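The structure appears right after this line, and notes come after that.
Quick note: numbers below take in every heavy atom, side chains included, and nothing from hydrogens, waters or symmetry partners. Since we're looking at a predicted model, the values are computed, not measured. Residue numbers start from 1 in every chain, and the chains themselves are labelled A, B, ... in the order their sequence lines are given, proteins ahead of strands.
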There are 2 protein chains.
Amino acid sequence: MSVESRKSGSVTSFDVAHKAGVSRSAVSRAFTPGSSISEKTRSKIQKAAAELGYRVNLVARGLNKQRTDIVGVIVSALNTPYRAGQIDALTKQLVREGFRPMLLCVDEDKDVEQLLSILLNYQVSGVIITSDAPPNAICEECARMQVPLVLVHRTDQLPFVDRINGDDIKGGRMAAEALVKAGRQHLIAVRQEAPGFTGVVRIDAFLKRADELGVTSNTITISAVEYDGGVAAAPEVLNQLDVSPGVFCHSDLFALGLLDTLRNKHSIRIPEQMSVIGYDDIPQASWAFADLTTIRQSPNRFAQVTVDLLKHRIKYPESEPKNEIVDVTLVMRGSV
Amino acid sequence: MSVESRKSGSVTSFDVAHKAGVSRSAVSRAFTPGSSISEKTRSKIQKAAAELGYRVNLVARGLNKQRTDIVGVIVSALNTPYRAGQIDALTKQLVREGFRPMLLCVDEDKDVEQLLSILLNYQVSGVIITSDAPPNAICEECARMQVPLVLVHRTDQLPFVDRINGDDIKGGRMAAEALVKAGRQHLIAVRQEAPGFTGVVRIDAFLKRADELGVTSNTITISAVEYDGGVAAAPEVLNQLDVSPGVFCHSDLFALGLLDTLRNKHSIRIPEQMSVIGYDDIPQASWAFADLTTIRQSPNRFAQVTVDLLKHRIKYPESEPKNEIVDVTLVMRGSV
DNA sequence: GTGAAAGCGCTAACAC
DNA sequence: GTGTTAGCGCTTTCAC
């Protein structure tokens, strides 16, 4: 006990070493998996540590190792069901793999750089970006700092950056096929205006497949986003009601806004008068009012692959940038 | 330039000091707001720093200061609309105030302690818990480590822990009043079984107010959660359809599950045959299919107060634990 | 397998 | 207002 009245709860490896009658290096080894130390001393140290309430100071370790296990996660629209599920899965997976997620939510493109700066200052092990903001400047900075960067749902083609996307081409094609199989002779694609987001890949694949299948199609482009985007698309869709179209939205939120408006504001019967299909399979898609057919992307699978990508690059910093594609599946419900 | 081929992007304050012809302390001061340094040297240093691509190493600073600006955020059910919005607002507010949120998502009570341990090891400035898990053990640990702890939406009464809640009593009362005002003579409260969550306060206030207003009431308790909980409550509510009840659910997700099932599976007309009112005002509550009257809790306001609480405790560690109550408002829509 | 010594990059007294 | 000196708590060669 002696002069143990150090400031607050700061029990250091020194204290443990003293109590266990060993050196500080020994204590360090005892808490470093895989280092050469005899089982006997290890348990002796662990016992002393437990009694003292010792916990290794990860900040000190980080300073020494030149790297913390913190992984920066930059996300936009966390407020949105798909993103929320994605971040939920991703952060859990990160923790499971020994990383600590530092979460930075962005509103606009503008803060992104500044936020990245914060992360870089923390000597993060890596950065994962799941946002709509074009992260070009960021990528360069990460590259310069040798910090691994993984882009989720981005189409940007950049050197030394790993990317992960759903199989948007397959998804778009499946959507067209499902609609045609349901008897629709004219297809409509509803998309949002924003540039550089993966939705356009889906839309393009959808339109191309429609063509292949010999049905006509047209596109509606909306500047509003999320549920409101679907609401905004309703008038134009109503104008084409005479052809009982099959409508594909680039996201469930869009589809839900559209479907909800058509059914509950305009008493359109779906799928009798037309079909609607979405993308993502968010929880709300299965709610009774919606019963939305959609293309499912598994957040858990995404999380797993994303973290694997990160681990791989940490281990092999110079390896070729990868571009992972995660499979998608059709979830048939009543709206088609 | 000389022997600047140090490992990777590790430009240190030493390098900057060298280049600017000053001492390392000067560099430190240049990057510490409010420290005494002349504008001239500051700008000189900043210029050199910019040219070198220097960024202060927050890990080293953290080690020295014995405290990082990291704030641990423990959350359950991030997947849920209300929580997602809350975390979105909270993390943004934290960043705005100079903190860095480390996000830990929990599934069950079990991991909570282990996760907290991680945070403590990172010398966090504080911990914010927004989860259903009873954090008693955690609180003690935080207290022992002198780490400020803020509990959001928890009723636990613990020493040296700050709490923040919505005005559940007012909310519950408002719900009863709105229903009675709409002409309902019998009220039903739908609640979830889980213990220690703030929903019971709302429910109790609701029932008490119903009593005061001279209307009868009964409670339905459900073991399922979220949307499914509302679905599960439907049969019992249907049994009481003859009294055209006013139904209050402790959360919007519950209310939405119930309302959606009643309207779309049983063709019940709401509000003609009965009223439904929820709690939280999640985005989905305003969707056309729902048009749900509800009690609104502002995530932004919550975030603001939560961070203020944290800042206050960091500044005055020994001050009396506070118990903040955030106002709620009635949002009238078509379901009542 | 274990201990001694030397830092990781920064800030905080303390002199000047 | 600025430089000097000591650490913050840990890991890590390097001897032994």
Side-chain angles (χ1 to χ4, degrees), chain A residues 4 6-46 48-49 52-70 120-125 145, chain B residues 4 6-46 48-49 52-70 120-125 145:
Chain A
E4 300 290 30
R6 324 173 102 258
K7 188 177 165 256
S8 72
S10 56
V11 181
T12 76
S13 69
F14 183 85
D15 303 322
V16 178
H18 184 76
K19 174 147 187 158
V22 296
S23 73
R24 289 158 74 217
S25 345
V27 177
S28 173
R29 288 181 188 117
F31 286 94
T32 304
S35 54
S36 67
I37 185 173
S38 76
E39 197 42 60
K40 203 172 121 195
T41 38
R42 157 167 271 140
S43 63
K44 185 170 60 179
I45 289 170
Q46 233 124 31
L52 255 31
Y54 170 77
R55 37 180 76 246
V56 318
N57 184 328
L58 262 24
V59 177
R61 174 181 286 181
L63 174 59
N64 189 293
K65 289 240 179 100
Q66 312 260 62
R67 186 140 73 48
T68 59
D69 291 326
I70 298 174
L120 260 20
N121 288 359
Y122 271 107
Q123 315 286 94
V124 294
S125 290
M145 297 289 288
Chain B
E4 301 289 28
R6 321 174 104 257
K7 191 183 164 247
S8 70
S10 56
V11 180
T12 77
S13 69
F14 182 85
D15 303 322
V16 178
H18 184 75
K19 173 148 191 154
V22 295
S23 74
R24 289 159 73 217
S25 350
V27 178
S28 172
R29 288 182 188 113
F31 286 95
T32 306
S35 54
S36 66
I37 185 171
S38 74
E39 197 43 58
K40 203 174 118 196
T41 39
R42 156 167 273 138
S43 63
K44 184 171 60 181
I45 290 169
Q46 233 124 31
L52 255 33
Y54 169 76
R55 37 180 77 247
V56 314
N57 184 328
L58 262 22
V59 178
R61 176 182 284 182
L63 175 58
N64 189 293
K65 290 241 178 103
Q66 311 262 62
R67 187 143 69 50
T68 59
D69 291 326
I70 298 174
L120 261 19
N121 288 359
Y122 271 107
Q123 316 285 94
V124 294
S125 290
M145 297 290 288

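Residue contacts shown for A:S28 include a base, since a base heavy atom lies under 4.0 Å away. A:S36 comes within 4.0 angstrom of a base, heavy atoms only. Within the nucleic acid shown, B:L63 comes within 4.0 Å of at least one base atom, counting heavy atoms only. Counting non-hydrogen atoms under 4.0 angstrom, A:V22 reaches the backbone sugars and phosphates but no base.
The distance between atom OH of B:Y122 and atom C1' of D:dG9, rounded to the nearest whole Å, is 15 Å. Put simply, CG on B:D69 is 12 Å from P on C:dT11, counting in whole angstrom units. Residue B:F14 contributes atom CZ, which lies 11 Å from atom P of D:dT4 at whole-angstrom precision. The CZ-C1' distance, from B:R24 to C:dA12, rounds to 12 Å in whole Å. Going from atom CG of A:D15 over to atom P of D:dG9 covers 9 Å, rounded to whole Å. The interatomic distance linking A:Q66 (CD) with C:dA6 (C1') rounds to 14 Å, in whole Å. Put simply, CD on B:E39 is 10 Å from P on D:dT2, counting in whole angstrom units.
Considering only residues two or more places apart in sequence or on other chains, A:K19 meets the salt bridge (charged side-chain N to carboxylate O under 4.0 Å, His left out) condition with A:E51.
In the helix from C:dG1-D:dC16 to C:dC16-D:dG1, the terminal helix axes, each the rotation mapping four pairs' C1' atoms onto the next four within five end pairs, subtend 30°, rounded to 10°.
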>> Show, in sequence, the C-alpha distance, side-chain angles and deciding distance for B:Y122 and A:D69, and conclude whether the side-chain contact (heavy atoms from CB on, under 4.5 Å) test is met.
In response: CA-CA 10 Å; B:Y122 271 107; A:D69 291 326; 3.8 Å; yes
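The side chain of B:T12 contributes no N or O atom lying less than 4.0 Å from OP1 or OP2 of C:dC8. For B:Y54 and C:dC10, the shortest distance from a side-chain N or O to OP1 or OP2 is below 4.0 Å.
Comparing B:I37 and A:V56 by the nucleotide of DNA chain D whose heavy atom lies nearest to each, the residue mapping closer to the 5' end is B:I37.
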Enumerate all atom pairs, one protein N or O and one N or O from nucleotides 13-16 of chain D, separated by less than 3.5 Å.
none

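Considering OG of B:S13 and CG of B:N57, their distance stands at 9.5 Å, rounded to 0.5 Å.
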